[in-house]
Amino acid sequence: RDDLATYCLMLADDALVASQRLAGWTTKAPELEEEVALANTALDLLGQARVLLARAGHLGAAEPFRHGPQDAEDVLAYFRDDRAFRNVTLVETDLGDFGQTIAWLLLLASWRLALMQRLTGSRDPVLAAVAGKAVKELTYHRDYAAQWVLRLGDGTELSHARMQAGLDAVWPFVEELFLAHPVEQRLVAAGVAVDPAALRADVDAVLDQVLPAARLTRPGRPAVGLVGGRGGRDGVHTEALGAVLAVMQSLARAHPEATW
Amino acid sequence: RDDLATYCLMLADDALVASQRLAGWTTKAPELEEEVALANTALDLLGQARVLLARAGHLGAAEPFRHGPQDAEDVLAYFRDDRAFRNVTLVETDLGDFGQTIAWLLLLASWRLALMQRLTGSRDPVLAAVAGKAVKELTYHRDYAAQWVLRLGDGTELSHARMQAGLDAVWPFVEELFLAHPVEQRLVAAGVAVDPAALRADVDAVLDQVLPAARLTRPGRPAVGLVGGRGGRDGVHTEALGAVLAVMQSLARAHPEATW
Amino acid sequence: MTVSEDQTRDLEADFERTVAAEGRVEPRDWMPEGYRKTLIRQIAQHAHSEIIGMQPEGNWILRAPSLRRKAILLAKVQDEAGHGLYLYSATETLGVDRAELTEKLIDSKQKYSSIFNYPTLTFADIGVIGWLVDGAAIVNQVPLCRSSYGPYARAMVRICKEESFHQRQGYELLRTLMDGTDAQRAMVQDAVDRWWWPSLMMFGPADGDSPNTQQSMAWRIKRHTNDELRQRYVDMTVPQARALGVTLPDPELRWNEERQAHDFGDIDWDEFAQVVKGAGPCNAQRLAHRRAAHENGQWVRDAASAYAAKQARRTEGAAA
Amino acid sequence: MTVSEDQTRDLEADFERTVAAEGRVEPRDWMPEGYRKTLIRQIAQHAHSEIIGMQPEGNWILRAPSLRRKAILLAKVQDEAGHGLYLYSATETLGVDRAELTEKLIDSKQKYSSIFNYPTLTFADIGVIGWLVDGAAIVNQVPLCRSSYGPYARAMVRICKEESFHQRQGYELLRTLMDGTDAQRAMVQDAVDRWWWPSLMMFGPADGDSPNTQQSMAWRIKRHTNDELRQRYVDMTVPQARALGVTLPDPELRWNEERQAHDFGDIDWDEFAQVVKGAGPCNAQRLAHRRAAHENGQWVRDAASAYAAKQARRTEGAAA
């Protein structure tokens with residue numbers, strides 16, 4: 001039960017933090033169509049996060065952080081410190097320019113899509129249902145990102161360089177996506193969770209199709225190291241997450257007794 | 001007494017917010033000497049802010065915001081919302097690139113120096129003493145900024161364009177520096193405060209000396225308007241301040257019962 | 001092909017008949033140059049307002065204090081981008097494209113609603129923008145659903161539907177805050193104090209100072225004068241304010257039994273003039289933000305064009 | 001002017017005598033090429049460490065939870081920039097300038113202390129960096145105050161003085177937190193858990209794996225082996241940890257009566273190797289940040305040079 005709550009937090013935090021990062025593009029996108037598409041992607045991820053946080057809340061995950069009358073989803077989103085967030089560090093990285101954002105989205109959406117596709121077969125019916133809806137959304141996100149990878153990679157000389165630089169910048173965070181946390185390992189054994197290691201082939205297949213068509217090179221940069229063997233799933237994040245949460249949580253924490 | 005506390009907050013908040021903005025340059029300056037100089041300026045302003053906040057605290061200004069055991073200066077810095085900050089809006093603006101930062105610093109330091117020079121004659125001995133120390137610091141800040149305005153304005157074509165653009169960007173916030181708030185007006189009558197309107201000539205004298213030498217044009221852009229007649233001194237700020245304080249106050253507010 | 005003077009006269013008569021009979025003018029129809037220009041100016045200004053209007057609300061997306069409010073706000077701002085898209089499409093039917101209008105906006109050659117030159121200082125501002133600003137927009141826009149120009153009228157039908165949804169969400173947020181803590185209630189009153197007068201200015205100058213109104217009404221682009229709409233808005237809003245429990249910041253506001261309408265105080269037309277001419281609290285910020293987004297996106301738009309051109313050549317090559 | 005082999009031999013003998021007699025080598029003195037290169041590499045690496053080391057601490061300046069701590073932290077980071085300045089000046093006496101070394105840092109051709117490739121995750125990390133990281137740095141650096149190369153030795157005297165001030169401030173912050181709330185105490189223990197092992201790695205590879213140590217010691221650039229210094233650091237730190245009330249995360253750590261020193265567990269040399277070769281938690285971030293600052297500042301440095309050149313021409317013109 002604790003494991004399941006933690007697993008819900010992992011999947012929720014990935015979506016919540018990614019949504020927060022994407023929402024930072026609002027009013028700054030290169031074209032109105034992108035404004036709409038990025039906001040829509042942020043909204044889809046926020047929706048996934050909310051269902052999963054609510055589920056974690058039902059399993060008791062919000063209680064240690066509760067000081068006021070808020071719903072569990074808000075207690076978990078606004079009153080946990082960064083060390084209690086369980087997201088992979090990829091989602092918390094600064095998104096850089098539009099090229100880097102697109103690289104980030106291609107990797108994130110391909111990986112999460114592969115995860116959610118397998119999760120539709122989970123023995124946990126709630127997770128299976130969440131995954132079913134998420135698959136449709138993530139398929140759209142991945143295809144949107146792939147289209148832009150092609151346009152930027154095979155567009156102008158400048159866009160090619162920036163697209164490659166964006167891919168290089170996010171690459172060190174990819175390896176963590178395939179590491180299994182002990183909680184995941186236990187839930188995989190129980191038929192509830194998905195083994196992250198199994199997702200590598202799916203992500204590779206997307207990259208093998210998209211990168212050559214976009215004239216991009218698969219980066220060779222080393223993965224970021226863990227801190228004493230611990231990473232985002234253990235609450236050991238990059239320095240970026242603290243700053244993201246400082247902004248996100250500021251108003252809610254200024255009024256700990258309020259609901260909105 | 002309330003007026004005096006408010007006046008201390010005005011002068012303190014100008015320095016505190018400016019210091020926070022300048023501190024944002026740390027590890028990002030164009031050269032190590034600038035790293036040291038900008039940090040030093042931020043430190044001087046922070047020092048001025050602390051003395052003035054402590055004074056406001058002695059006059060009771062911190063009590064409405066107190067929820068924990070912190071010193072008055074920290075209660076005032078960390079537990080007031082942006083609407084209770086009394087700084088002019090110039091200090092809260094995004095500093096942009098190094099050219100804009102230098103334009104901002106030239107204007108801020110020239111104005112605050114003129115203010116502090118006059119404040120050394122205040123009937124309030126604490127303010128007079130604070131001003132005496134600040135004059136030395138601000139003279140250095142102004143001269144540092146003026147030197148860079150010359151280098152950038154009369155450097156390369158690119159630096160000239162960026163220096164002019166930086167000056168243009170901060171210009172709309174200058175007019176507010178010379179508006180007298182009713183609190184100031186009352187304290188001017190009592191011989192305690194400085195009339196902001198009287199500072200214009202001093203600032204103009206600096207600009208008349210520096211701008212032509214740097215081949216820069218005095219901008220013609222209109223001043224930013226007030227909101228229903230109210231500005232920073234009334235707690236009506238730009239959208240920038242909320243974001244600055246969200247970050248600045250995040251950790252202190254996460255531990256309202258702690259001291260550090 | 002040129003058109004003779006006789007033909008022009010016939011076309012003009014047709015146009016006048018269509019408009020007078022409440023018919024719709026469509027893109028392929030002949031229309032007077034003044035009508036076309038007036039429409040382009042008005043629709044572009046409306047489109048720009050949607051796009052610039054995303055900024056004051058966007059200011060709070062990252063800090064929205066609950067996930068539900070974050071989702072609502074993000075969806076609303078996304079809708080505004082969508083409104084901008086329809087409206088720019090409507091101007092395209094009149095022969096000007098989005099890129100051209102964006103340049104005009106950025107160069108300050110076309111305007112947007114001056115309400116968006118005020119800052120959003122607290123989260124209650126989000127509710128008040130929904131209630132008052134969207135409310136005023138709806139009063140302005142509902143008659144435009146019957147505008148004589150077909151594409152504009154159809155865009156407005158869709159936009160008005162979404163705007164009233166947004167207005168209800170804004171009001172619901174304010175309801176929640178008024179039922180909340182003292183600090184939340186104070187936040188709402190403060191926001192109302194700041195937005196009330198600017199919302200009255202959204203209807204434009206008083207009728208005596210609005211030279212274009214008569215022609216626009218004759219062309220059935222506009223259907224009511226600025227002052228008529230302003231009065232309708234005040235009369236609609238006063239009971240809502242009462243229900244909410246907030247005070248509108250106008251000591252002269254009272255019911256006039258004789259007129260069966262509310263009297264209200266004088267608008268500060270100097271402030272209005274200042275904001276219109278570019279010296280409002282946020283004019284420089286809004287335009288600089290939009291300009292930066294546009295310039296930072298140039299390389300992306302260039303890449304998309306280059307890629308499309310390559311693809312077209314490839315398809316051609318494959319077909320040949 | 002070339003130097004004959006005889007002369008070189010004489011100079012070399014002079015140099016060896018000076019070094020053996022604990023004398024100081026000064027910039028104008030002859031020195032072997034290997035000595036010069038070793039010094040440049042070591043001083044540059046030290047300078048780079050000061051500059052990169054500003055980043056993990058800089059991460060908390062804007063969020064420092066009291067104004068006093070903000071001032072202390074800002075002053076400390078400023079001191080580090082100052083240390084960078086002295087050290088780059090010391091390399092200039094050896095014939096390489098700062099710009100060249102900065103390029104080498106940015107291109108990953110020179111290293112910096114790998115400790116700065118770990119993230120600062122809470123404000124307690126600021127205290128622990130002061131206590132453990134500056135503490136380890138001092139143990140490393142105090143002997144360098146007697147380095148055979150004069151400018152380096154003098155820079156180190158000043159730097160060590162400031163470092164011990166920083167170390168005391170770090171310890172004092174931790175004292176305050178340990179006297180504070182449960183959350184603050186937990187924060188300190190968590191930070192100690194993360195920084196202890198990396199701080200042991202600051203002394204470099206075990207003596208058996210450190211090929212350059214012998215030559216550096218002969219030249220009196222270094223005075224103790226890595227393992228000697230590491231042991232001194234452990235022995236110094238254990239009682240401080242006890243006084244503070246934190247647990248060092250090493251179950252094998254215990255006093256060895258026979259050795260009159262602490263035994264401690266095995267360092268994870270694989271992790272050390274990973275971080276050194278660029279795959280630590282923050283290597284990419286630290287270098288990208290430094291590179292961005294350097295590139296964004298190029299136009300400013302260019303302007304300063306252009307202005308200085310103009311001024312020089314003006315002065316010349318006036319003099320002629």
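Order of the sequence lines fixes the chain letters, A, B, ..., with proteins taken first and strands second; residue numbering starts at 1 for each chain.
D:Gln184 touches chain B through its side chain: at least one heavy atom from C-beta onward sits under 4.5 Å away, while N, CA, C and O do not. Interface residue B:Tyr78: only side-chain heavy atoms are found under 4.5 Å from chain D. With a 4.5 Å cut-off on non-hydrogen atoms, B:Leu43 touches chain D through its backbone and its side chain both. Heavy atoms closer than 4.5 Å to chain B are found in the side chain of D:Val77, but not in its backbone. Looking at D:Ser66, both its backbone and its side chain come within 4.5 Å of chain B, counting heavy atoms on both sides. Proximity to chain D is limited to the side chain of B:Leu16, based on heavy atoms less than 4.5 angstrom apart. Looking at B:Asn40, both its backbone and its side chain come within 4.5 Å of chain D, counting heavy atoms on both sides. Contact annotation for D:Arg98: only side-chain heavy atoms (C-beta onward) come within less than 4.5 Å of a heavy atom of chain B. Interface remark: D:Arg63 contributes backbone and side-chain atoms alike to the contact with chain B (heavy atom separation under 4.5 Å). Heavy-atom distances place the side chain of D:Leu177, and not its backbone, under 4.5 Å from chain B.
Contacts classified as salt bridge (charged side-chain N to carboxylate O under 4.0 Å, His left out) and involving residues 72-87 of chain D (residues at least two apart or in different chains) are given here: D:Glu57-D:Lys76, D:Lys76-D:Asp134.
Within residues 20-39 of chain B, the residues having any heavy atom closer than 4.5 Å to a heavy atom of chain D are B:Gln20, B:Ala23, B:Gly24, B:Thr26, B:Thr27, B:Lys28, B:Ala29, B:Pro30, B:Glu31, B:Leu32, B:Glu33, B:Glu35, B:Val36, B:Ala39, listed by residue number. When the heavy atoms of residues 162-170 of chain B are compared with those of chain D, the residues falling under 4.5 Å are B:Arg162, listed by number. Within residues 239-256 of chain B, the residues having any heavy atom closer than 4.5 Å to a heavy atom of chain D are B:Val247, B:Met248, B:Ser250, B:Leu251, B:Ala252, B:His255, listed by residue number.
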